[in-house]
Structures are given as C-alpha cells and as structure tokens.
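Notes follow the structure.
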Amino acid sequence: MMQYRDIAKKIIDLKNADLALRDKLINEGKLSDGYNEEMKTLHNKNAQILDKIMNTYSKGVAISLSPIATQDNT
C-alpha cells in the first residue's frame, strides 16, 4: 500500500513529466497550434493515475486541505 510520501512523490513525478513535455513541445514549436496530441495523451494518462489514487485512498477518509509539508508523517 502506498504511503502519503509515495503518493506525493508520484504526483510530483506526474507534474514534472508534464512540464518536461511542455518544454520539449515549446522548443519544437509544437505547442501553439491547438491541443497537441502528445500532451493530450500524457494528460489522459496522468488523469487515470490521479483518479486511481483518489479512488483508492479517499474512500471513507476525511481529506485535509492543509499542505503535506506541514504534516509530520514520520
């Protein structure tokens, strides 16, 4: 079972992959003509992963809106 730090790392990894692809597409001049298919594919993949995380770990759990960094998870 994933722990909160693992979940946070996974979400950060998804964000970093999104930013890396965005930079790549900008450098190739492929981000200004509508929704790029490669970006769309990554967004759909990320959405599926986030949906799985939320469905797995939010059942019956009160979700705190305070930042993870302020919680002591040790």
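Because the structure is a prediction, the values reported are computed rather than measured.
Applying the ring pair (Phe, Tyr, Trp, His ring centres under 6.0 Å) definition to pairs two or more places apart or across chains, none involves residues 5-29.
In summary, Asp6 and Lys10 do not engage in a salt bridge, as defined by a charged side-chain N under 4.0 Å from a carboxylate O.
The side-chain hydrogen bond (donor to acceptor under 3.5 Å, both in side chains) search around Lys45 returns none, not counting sequence neighbours.
Distance NE2/His43 to CG/Asn36: 9.5 Å, rounded to 0.5 Å. How far CG of Asn27 is from CZ of Arg22: 10.0 Å, rounded to the nearest 0.5 Å. Rounding to the nearest 0.5 angstrom, the gap separating the CG atom in Asn46 from the CG atom in Asp51 is 12.5 Å. Note that the CZ atom of Arg5 and the CD atom of Gln3 stand 10.0 Å from one another [nearest 0.5 Å]. To the nearest 0.5 angstrom, Ile7 atom CD1 is 8.5 Å from Thr56 atom OG1. Atom-to-atom distance recorded for Ile49:CD1 and Leu14:CG is 5.0 Å, nearest 0.5 angstrom.
More than 12 heavy atoms of other shown residues, nucleotides or ligands fall within 6.0 angstrom of atom NZ in Lys24. Taking a 6.0 Å sphere around CG of Asn44, one finds it holds more than 12 heavy atoms contributed by other residues, nucleotides or ligands.
Side-chain contacts under 4.5 Å among hydrophobic residues (ILVMFWY), followed directly or transitively, place Tyr35 together with Leu21, Leu25, Ile26, Leu31, Met39, Leu42.
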